[in-house]
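Taking it in order: structure first as structure tokens, then the write-up.
Since this is a predicted model, take the numbers as computed values, not measurements.
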Amino acid sequence: MKITAVIMAGGRGERFWPKSRNSCPKQFLSLTSDGETMIQKTVKRLSPLVSPEDIFIVTNAAYGELVQDQLPDVPKENILSEPCARNTAPCIAFAAAVIQKKYGDAIMLVLPSDHLIGYENIYIKTLKKAIKTAEEGKNLVTIGITPTYPETGYGYINFGEESGDAYEVERFVEKPDLPTAKKYLASGKYLWNSGMFVWKTSSIMDNMQALMPDIYEGALRIGESYCTPDFEETLVKEFTAFRSESVDFGIMEKASDIYTIPGSFGWDDVGSWLAVERINETDDDKNYFDGDVISVDSKRTTVCAGKRLVAAIGTRDIIIVDTDDVLLVCSKNNTQDVKKVIAQLKEQGRDELV
């Protein structure tokens, strides 16, 4: 069976402001020392499994040219541009309908564009297990990450009986408080929800038809128009009419035949500026410096310099990001509050800085 991949690349990456902007969000930035962007890494690591001509990028219409520039081997017709943001369920239905039109039934890997993987060989082996499970019947498979600490910022997957290479999913649970996260970790029966899925296009579309029939019908009309003169008009008409819904809530929490494959392949969702020190080499004082930086007695400090010299003196647990028009200075305890700055900029009508 044909193996395809759908890379979801429509996010704004607000927690990586001021480098991540509406004009060039996180997935199109390089946050590692090798210079490769997040989306380039995502596509490159799939090369043992999926050819570039079988990779589909679903992104915001404004980012079509960015995708073409960064992924020249992916065919232009495989860049599926959403006319507006409608969350993951419409995104996935759109891609599944297009793939069915192009290939008939096929395996569909659904992957975020902005995650990092430390052990790519293990990652590919995990995906192969998920593909094998997805090929059996109407199974919907999610990749869960084996937790290493009681994280409160992720949703969790509660799994039950083992079935071949996979485990039956008992339920999906929302982000827990710390005591609950500790219980999940101690039980050994919970995985972090990574947002990675594997299924046949027929399996996900059958579930869309049963559980989200309005989105299913619209996606079918989009798929039928793919590579015809009516495609753009049909896409705008149908997609803008979709309600915003996640695939987790719309499908995964309600469907049957849901399985999970535990993954231990050095996964990092690179969710905020805190990730930079995890994914790059730091010095003996746990500092990470990128660009022209002079440090005097700084510890646990991350500096991403721009065109100017940045001097950090006696800093502790600080993140400094310098761009042409914005300087961010942030305590590591407050990285999630970057979104509050963006909200204030929007209120002030300073959209050129967002």
Side-chain donor/acceptor of N334 to backbone N/O of C330, under 3.5 Å: no

Between T146 and S264, do the side chains contain an N or O donor and an N or O acceptor separated by less than 3.5 Å? yes

S194 (side chain) donor-acceptor with I145 (main chain) under 3.5 angstrom: no

Angle class for the W273/F16 ring planes (parallel below 30°, perpendicular above 60°, tilted otherwise)? tilted

Test side chain to side chain donor-acceptor pair (under 3.5 Å) applied to T37 and Q70, Q27, K26, the passing residue: Q70

Pair Y154, W267 - check ring-ring contact (aromatic ring centres under 6.0 Å, His included), show working. CA-CA 13 Å; Y154 301 147; W267 174 81; 5.3 Å; yes

Is it true that atom NZ of K332 has more than 12 heavy atoms of other residues, nucleotides or ligands lying nearer than 6.0 Å? yes

pair L46-L111: side-chain heavy atoms closer than 4.5 Å: yes

Given 3.5 Å as the limit, does a donor-acceptor pair link the side chain of S51 with the main chain of D54, or not? no

Can the ring centres of W192 and Y184 be said to be less than 6.0 Å apart? no

Against the six-membered ring of F249, is K254 placed for a cation-pi contact (under 6.0 Å from the centre, within 45° of the normal)? yes

Answer yes or no on whether K101 is positioned over the face of Y226, meaning its NZ or CZ is under 6.0 Å from the six-membered ring centre and within 45° of the axis. no

Does the pair E245/R243 count as a salt bridge with the N-to-O cut at 4.0 Å? yes

Which residue is it: I318, D322, I319, T315? I am looking for the one with a side-chain contact (heavy atoms from CB on, under 4.5 Å) to V329. I318

Aromatic contact, Y63 with F28 (centres under 6.0 Å): yes

Which one of D285, D317, D284 satisfies the salt bridge (Lys or Arg N to Asp or Glu O under 4.0 Å) criterion with K299? D285

Ring centroid separation for Y119 and F265, is it under 6.0 angstrom? no

